[in-house]
Amino acid sequence: MSTHTDPDMKARHSDQEDIIDTSKMSVEKRAALEVAEAARESQWTEPSFAQKLFMGQFDRALIDTFPQQSAEEKAIGDAFCAELADYLRKNLDAEEVDATRTIPSKVIDDLFKMGVFAMKVPREYGGKGFTQVNYNRAMMLLASHCASTAVLVSAHQSIGVPQPLKLFGTLEQKAKFFPRFANHTISAFALTEPSVGSDPSKLATEAKLTEDGKHYLINGEKLWCTNGPIAGLLVVMCKTEPKIVNGKERPQITALIVEGGTPGIEVTHRCDFMGIRAIQNGLIRFNNVKVPAENVLWGTGKGLKLALTTLNTGRLTLPAACAGAAKQCLNICRRWGNERSQWGLPVGQHEVGREKLAYIASHTLAMEAIAKLTSHWADDHTKDIRIEAAMAKLFCSEVGWKIVDTTMQFRGGRGYEKASSLKARGETPFPVERMMRDMRINMIIEGTSEIMRLFLAREAMDPHLKMASDLLKAHNPIGTKAKAGAKLAGFYTGWYAQQWFNASLWERHDDMGILSGHYHYLQATAHRLARSIFHAMGMYQEKLERKQVLLGHLMEIGTELFAMSATCSYAMHLASHHQGEGPMDLADYFCRESTRRIEDHFRNLSTGNERLMNDLGKKALAGDFAWMEEGIVTVD
Ligand SMILES: Cc1cc2nc3c(=O)[nH]c(=O)nc-3n(C[C@H](O)[C@H](O)[C@H](O)COP(=O)(O)OP(=O)(O)OC[C@H]3O[C@@H](n4cnc5c(N)ncnc54)[C@H](O)[C@@H]3O)c2cc1C
């Protein structure tokens with residue numbers, strides 16, 4: 001089997017150094033962390049705009065010119081999106097899809113004919129070969145209309161077989177599997193299990209090599225596998241023979257491409273959810289499922305790294321989908337804000353109505369800026385985007401939820417009413433009720449918001465951890481620590497001083513017009529964020545990884561700074577392309593709101609309530625407040 005991988009994929013192969021002190025952790029936590037660390041992409045071969053923010057540098061040069069599609073790429077995306085929009089409007093009734101939990105097979109056939117399921121498949125294998133930008137343009141459009149269909153398409157090619165195959169497949173595997181996605185094969189990504197959610201170290205589904213070494217036999221259970229019940233191909237993460245690393249047994253996770261129809265695969269339950277109700281998502285049992293050994297993707301033991309790397313680009317679709325839903329909310333609120341009058345004024349003219357519209361419009365611009373920027377960066381391969389992709393997912397899913405909630409409130413009782421009911425009584429069937437149910441999942445799938453903050457903390461702190469690892473390890477002898485301390489002191493004396501006194505703090509940004517003050521704030525706040533991280537490291541040392549609330553605030557600050565940077569850059573781009581002053585005003589408002597949130601996060605780095613909060617949380621868990629649960633009907 002050839003070991004060829006995509007030449008564009010600058011995969012980081014080097015072994016992960018042991019830079020986090022795990023010696024004081026419980027055995028279980030240590031095992032989880034060691035597996036996660038081994039699966040990290042440890043190298044940074046390209047610059048990361050966001051990581052620089054955490055290190056105190058707002059690098060304008062990386063973000064100043066908002067990337068643009070070439071005329072040729074734009075024409076491809078324009079034509080495809082126009083055809084898709086026309087098709088969806090005429091043929092896909094999203095309310096019916098939701099009510100019946102079914103996407104009509106005729107629609108799926110038509111989408112196959114249009115190439116929707118092969119957008120990410122390279123042209124030489126019969127696909128559309130879309131860039132991430134064009135792919136996300138189509139996904140934004142689809143998500144604005146029918147979230148269930150968007151999830152079907154996205155689970156198939158953002159994280160399903162086409163994406164890891166593109167990144168890690170051999171030439172033989174590509175030739176064998178890619179053409180099938182242009183021709184009625186839907187795929188799925190199977191990582192989660194009943195006992196394995198955010199922490200994959202306990203993965204139990206097992207793949208055992210047969211004695212002749214030609215096949216694997218898979219046994220186990222995968223939960224919530226989107227498209228699983230209808231998939232022709234699945235990428236399944238399995239436990240394979242453990243390896244001895246530094247004298248310790250280390251679990252190996254391996255990714256295998258599995259044919260959906262293989263004997264022994266059993267869909268034991270189709271899951272039913274609050275939203276995205278038409279997705280085919282199930283609990284899947286693997287009973288001695290025989291898979292050819294050549295179906296291993298990338299190599300044995302690389303399955304978790306493959307899954308995490310796939311998600312680094314795969315999770316860029318979700319921000320675009322959230323931006324599509326936010327644009328729909330803006331359209332609904334504009335029309336409703338003008339149409340509905342109460343107390344002598346259109347509801348959009350009351351001050352709180354205007355506030356809602358300003359929030360939705362300005363934050364939709366920010367979501368679009370982030371989704372577009374990260375997609376362009378994914379295409380041009382000149383930056384490391386793992387931090388920005390996680391920020392995009394975190395920001396857009398959280399803000400998307402607030403936008404849908406704001407839209408529901410603005411619509412009053414009609415927001416809560418089903419579109420079919422509105423239609424039946426002759427009103428415009430704005431689907432806010434369905435959109436709210438569909439939107440909530442985005443803060444959970446492809447990494448929960450909590451896990452995104454922890455992921456960000458790990459990646460943002462990587463430069464510090466690499467430098468300070470000898471000092472932070474509790475078990476290191478005092479001599480080693482002293483040596484490491486002296487070396488670090490040399491670096492940090494200069495670096496820390498720069499976070500207070502730096503020529504960049506006096507830089508003017510007059511070219512940014514009304515946004516120049518925000519650029520000044522970005523510059524100064526990146527230094528302040530770096531100082532705060534440094535102080536937290538000094539104060540908590542190896543215990544810092546347990547200070548999740550503090551880390552969460554620091555990561556939110558970094559995420560807001562990235563959102564401000566992307567939004568200002570996008571607004572400048574739009575303003576210079578004949579969109580008038582609107583984008584600048586929206587970006588100005590977004591940055592003012594973002595600044596307020598950032599200042600709140602700084603204030604909350606230490607509230608003085610932490611001890612009480614931890615104490616109360618522990619007591620609630622131990623049942624000390626069970627007396628408050630009296631007077632209700634509990635669930636058996
Ligand atoms: C509709 C839907 C579609 C899905 N599609 C797929 C799919 O196609 N393929 C697939 O493999 N999976 C899929 N999933 C699974 C999804 O990715 C997981 O639900 C998600 O990763 C979270 O895992 P969990 O639900 O087990 O939560 P858990 O990991 O059990 O977490 C529970 C809570 O604890 C928090 N938490 C967990 N660990 C920590 C920690 N270390 N520190 C602080 N807080 C923590 C979490 O944020 C969460 O709030 C899907 C799920 C749903 C509901």
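- Applying side-chain contact (heavy atoms from CB on, under 4.5 Å) to Arg334 and the options Leu330, Ile332, Asn338 leaves one that passes, Asn338.
- Counting non-hydrogen atoms of other residues, nucleotides and ligands closer than 6.0 Å to CZ of Arg89 gives a total of 12 or fewer.
- The two atoms that bring Ser154 and Met139 nearest to each other are CB-CE, 3.7 Å, heavy atoms only.
- The pair Lys423-Glu95 fails the salt-bridge criterion, with no side-chain N (NZ, NE, NH1 or NH2) lying under 4.0 Å from an Asp/Glu carboxylate O.
- Remark: side-chain polar atoms of Arg277 are not paired, donor with acceptor, to backbone N or O of Arg101 under 3.5 angstrom.
- Note on Arg592 versus Asp588: salt bridge recorded, some NZ/NE/NH1/NH2 to OD/OE distance being below 4.0 Å.
- The aromatic rings of His376 and Phe66 sit perpendicular, their planes meeting at an angle over 60°, well past the 30° parallel limit.
- Between Arg597 and Glu556, no side-chain nitrogen of the basic residue sits less than 4.0 Å from a carboxylate oxygen of the acidic one, so the salt-bridge criterion is not met.
- We find the CD-OG distance between Glu560 and Ser565 to be 11.0 Å, quoted to the nearest 0.5 Å.
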Start with the C-alpha distance between Gln132 and Thr313, add both sets of side-chain angles, then the distance that settles side-chain hydrogen bond (donor to acceptor under 3.5 Å, both in side chains), and finish with yes or no. CA-CA 9 Å; Gln132 186 73 30; Thr313 320; over 6 Å; no
Stepwise side-chain contact (heavy atoms from CB on, under 4.5 Å) test for Gln523 and Asn502: CA-CA 10 Å; Gln523 197 86 264; Asn502 196 306; over 6 Å; no
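- Within a 6.0 Å radius of CZ in Arg531, other residues, nucleotides and ligands contribute more than 12 heavy atoms.
- In the displayed structure, Glu610 atom CD is contacted under 6.0 Å by more than 12 heavy atoms of other residues, nucleotides or ligands.
- You'll find the ring centres of Phe80 and Phe130 inside the 6.0 Å limit.
- At a threshold of 4.5 Å between non-hydrogen side-chain atoms, the residues Lys128 and Tyr135 do not count as touching.
- Looking at heavy atoms from C-beta onward, Val153 lies in side-chain contact with Met119 at the 4.5 angstrom threshold.
- At a threshold of 4.5 Å between non-hydrogen side-chain atoms, the residues Met140 and Lys327 count as touching.
- Cation-pi geometry between Arg528 and Phe602 is met: the NZ or CZ atom falls under 6.0 Å from the ring centre, inside 45° of the normal.
- Using a 4.5 Å cut-off on side-chain heavy atoms (C-beta onward), Met452 and Ser397 make no contact.
- In this structure a side-chain-to-backbone donor-acceptor pair under 3.5 Å is present from Ser187 to His156.
- With respect to the salt-bridge test (charged N to carboxylate O, under 4.0 angstrom), the residues Asp600 and Arg603 qualify.
- In this structure the side chain of Arg335 reaches within 4.5 angstrom of the side chain of Thr428, judged on heavy atoms.
- In summary, Arg434 and Asp98 do not engage in a salt bridge, as defined by a charged side-chain N under 4.0 Å from a carboxylate O.
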Using side-chain contact (heavy atoms from CB on, under 4.5 Å), reason through Arg411 and Leu422 one step at a time and then give a plain yes or no. CA-CA 12 Å; Arg411 282 276 289 156; Leu422 290 164; 3.5 Å; yes
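- Panel note: side chain Arg354, backbone His350; no donor-acceptor pair is recorded below 3.5 Å.
- At least one donor-acceptor pair under 3.5 Å links the side chain of Ser516 to the backbone N or O of Gly513.
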Taking it one step at a time, do His518 and Ser594 satisfy side-chain hydrogen bond (donor to acceptor under 3.5 Å, both in side chains)? CA-CA 10 Å; His518 300 305; Ser594 184; over 6 Å; no
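- Between atom OG1 of residue Thr382 and atom CH2 of residue Trp377 there is a gap of 8.5 Å, rounded to the nearest 0.5 Å.
- Inter-residue side-chain proximity for Phe189 and Thr226 is flagged as unmet; no heavy-atom pair is nearer than 4.5 Å.
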Salt bridge (charged side-chain N to carboxylate O under 4.0 Å, His left out) between Arg425 and Glu417, worked out: CA-CA 11 Å; Arg425 20 181 224 94; Glu417 189 173 0; 2.8 Å; yes
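- Asn312 places no side-chain N or O within 3.5 Å of a backbone atom of Ala389 that could act as its donor or acceptor partner.
- The distance from atom CZ of Phe590 to atom NE2 of His363, rounded to the nearest 0.5 Å, is 5.0 Å.
- Put simply, the side chain of Leu550 does not reach to within 4.5 Å of the side chain of His553, judged on heavy atoms.
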Could you walk me through whether Glu459 and Arg386 pass the salt bridge (charged side-chain N to carboxylate O under 4.0 Å, His left out) test, one step at a time? CA-CA 8 Å; Glu459 299 302 339; Arg386 80 189 91 154; 3.4 Å; yes
Does the side-chain contact (heavy atoms from CB on, under 4.5 Å) test come out yes or no for Tyr570 and Leu373, once each step is laid out? CA-CA 8 Å; Tyr570 188 43; Leu373 185 65; over 6 Å; no
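- A donor-acceptor pair under 3.5 Å is absent between the side-chain atoms of Thr607 and the main chain of Asn604, judged by distance alone.
- In this structure, the side chain of Asn281 engages the main chain of Trp224 through a donor-acceptor pair within 3.5 Å.
- The two residues Asn227 and Ala155 have their closest heavy-atom pair at ND2-CB, 3.8 Å.
- Salt-bridge formation is detected for the pair Glu593/Arg596: a Lys NZ or Arg NE/NH1/NH2 atom is positioned less than 4.0 Å from an Asp or Glu carboxylate oxygen.
- The backbone N or O of Lys120 sits less than 3.5 Å from a side-chain atom of Gln157, completing a donor-acceptor pair.
- Checked against Thr149 for a side-chain contact (heavy atoms from CB on, under 4.5 Å), the options Ile276, Ile103, Ile279, Val116 give a single hit: Ile103.
- Classification of the Phe49-Phe562 ring pair by plane angle, with boundaries at 30° and 60°, yields tilted.
- A distance of 6.0 Å separates SG of Cys333 from CG of Leu357, quoted to the nearest 0.5 Å.
- In terms of heavy atoms, Val107 sits closest to Tyr87 at CA-OH, 3.4 Å.
- Expressed to the nearest 0.5 Å, how far CD of Gln57 lies from OG of Ser504 amounts to 8.5 Å.
- For the pair Arg315 and Phe455, the cation sits on the ring face: its NZ or CZ lies under 6.0 Å from the ring centre, inside 45° of the axis.
- Residues Leu365 and Leu586 come closest through the heavy atom pair CD2-CB, 3.9 Å.
- Under a 3.5 Å cut-off, the side chain of Glu388 and the backbone N or O of Ala50 do form a donor-acceptor pair.
- For the pair Leu554/Leu605, a side-chain contact is recorded, criterion being any heavy-atom separation below 4.5 Å from C-beta on.
- Atom CD of Glu599 has more than 12 neighbouring heavy atoms from other residues, nucleotides or ligands inside a 6.0 Å radius.
- Side-chain atoms of Lys393 come within 3.5 Å of backbone N or O of Asn442 as a donor-acceptor pair.
- Minimum interatomic distance between Cys225 and Ala188 (heavy atoms only, all atoms of both residues): SG-CB, 3.8 Å.
- Looking at every heavy atom in both residues, Pro47 comes nearest to Lys52 through CB-CE, 4.4 Å.
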Run Tyr521 and Thr595 through side-chain contact (heavy atoms from CB on, under 4.5 Å) and show every step you take. CA-CA 8 Å; Tyr521 179 82; Thr595 299; 3.5 Å; yes
